[in-house]
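Everything below concerns the one structure shown next.
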Amino acid sequence: MKKALLFLFIFQFLIFSSVFAQTPEITNGLNYLTSTQNPDGSWGSDITNTELLPSTVSIIETLQILNQAGTVNYSNAVSWLQAEGLYTTDYLSERINALSVAGTDDDLLLSYLDEMLFAWGGDADSTSMIFDTSLALQAFKKINHPDQDIISYALGYLMNTQNPDGGWGFYQDDDSNVYMTAIVLQTFIQFNDIYDLQSEIDGATAYLLTKQNPDGGFGSSPSTVYETSLALIALIDSGQGSPVQIQNAINYLLSTQFPNGSWGNERYSTSLVLKIKNA
């Protein structure tokens, strides 16, 4: 069984390497991202930062993957991220994860923990707890946070909010969706070497595969680039999904790239697709 899974993983990796090693897709996508960076180093246009933060953080991570950390675009983005005075759970988590540093961000993030639920919320609105808890745990994993008690209890919170269909919604008892399921699945994958989360991982991957559409993409029809990318990365990291299912998703992404190198003229979606190179 283990040999079969290893063979499947290697086969899938070779599929990815052969497709996304082609320079036009990567080069054009990267050119789109670098040409749309804001003067302050961020990406996006939303002055409330709801678009700026996820787009900029995702692109920073993409530049790391594509060995672009020595570029001016990268250094300007990092400077923006370090200077921004936002202190919500998602911001702190994203900054820790992107920059691999803790310090005051780590202490402040820990202070936001709801010690009754062992979960994080972005603010007074508890409906964000599944998302924020996932991001906080990923940040803790990035810096190898030593408090395993908090980590195990927070993982337990996510386990208890998994729906019977194997997925997660934005809040407890919310209908499952591809986006949240892929986010939580990535969290579980990162901790599966320490905790036995395989049953939850299997349930989540099974749910995701039910959301693959006839066009090869993922989403609650129609397919979207960002959901397809997140689902694809999570499936590859989990070693699940058949070669046909994986290839169909890749074909969907390859067919939806715009002439300007972007996917959907969206910085966030474009950065996610480029991450698949090293998925």
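Along the sequence shown, residues are numbered consecutively beginning with 1. All figures in this text were calculated on a predicted structure; none of them were measured in a lab.
Side-chain contact annotation: Ser79 with Gln82, donor-acceptor N/O pair under 3.5 Å absent. Side-chain contact check for Asn177 and Glu227: no donor-acceptor pair (N or O, by modelled atom type) lies under 3.5 Å. Side-chain N/O atoms of Gln148 and Tyr195 include a donor and acceptor closer than 3.5 Å. Using modelled atom types and a 3.5 Å distance limit, the side chains of Gln186 and Asp237 yield a donor-acceptor pair. Side-chain atoms of Asn73 and Thr34 include no donor-acceptor pair closer than 3.5 Å. There is a side-chain donor-acceptor pair under 3.5 Å between Gln198 and Asn192. Residues Gln172 and Thr161 bring no donor and acceptor atom of their side chains to less than 3.5 Å of each other.
Ile65 is not listed as a side-chain neighbour of Leu274, based on a closest heavy-atom distance of 4.5 Å or more. Under the 4.5 Å side-chain criterion, counting only non-hydrogen atoms from C-beta, Glu94 is not in contact with Thr89. The closest side-chain heavy-atom distance from Trp43 to Thr36 is below 4.5 Å.
Taking CD1 from Ile246 and CD from Gln240, the interatomic distance works out to 10.0 Å, rounded to the nearest 0.5 Å. For the atom pair Leu81 CG and Thr56 OG1, the distance stands at 7.5 Å (nearest 0.5 Å).
Ring to ring, Tyr157 and Trp120 are not that close: their centroids are 6.0 angstrom or more apart.
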Would you sort out whether Gln190 and Thr187 count as a side-chain hydrogen bond (donor to acceptor under 3.5 Å, both in side chains), showing the intermediate values?
-> CA-CA 5 Å; Gln190 292 179 27; Thr187 304; 5.8 Å; no
Could you check Lys141 against Asp193 for salt bridge (Lys or Arg N to Asp or Glu O under 4.0 Å), going step by step and ending with a plain yes or no?
-> CA-CA 11 Å; Lys141 180 65 173 178; Asp193 59 337; 3.6 Å; yes
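Tyr252 and Leu254 fall within the same hydrophobic cluster, where Ile, Leu, Val, Met, Phe, Trp and Tyr residues are linked whenever their side-chain heavy atoms come under 4.5 Å apart, directly or through other members.
Within the 3.5 Å criterion, the main-chain N or O of Ile59 finds no donor-acceptor partner in the side chain of Glu61.
Shown are Phe131, Tyr179, Phe188; of these, the ring pair (Phe, Tyr, Trp, His ring centres under 6.0 Å) with Trp168 is made only by Phe188.
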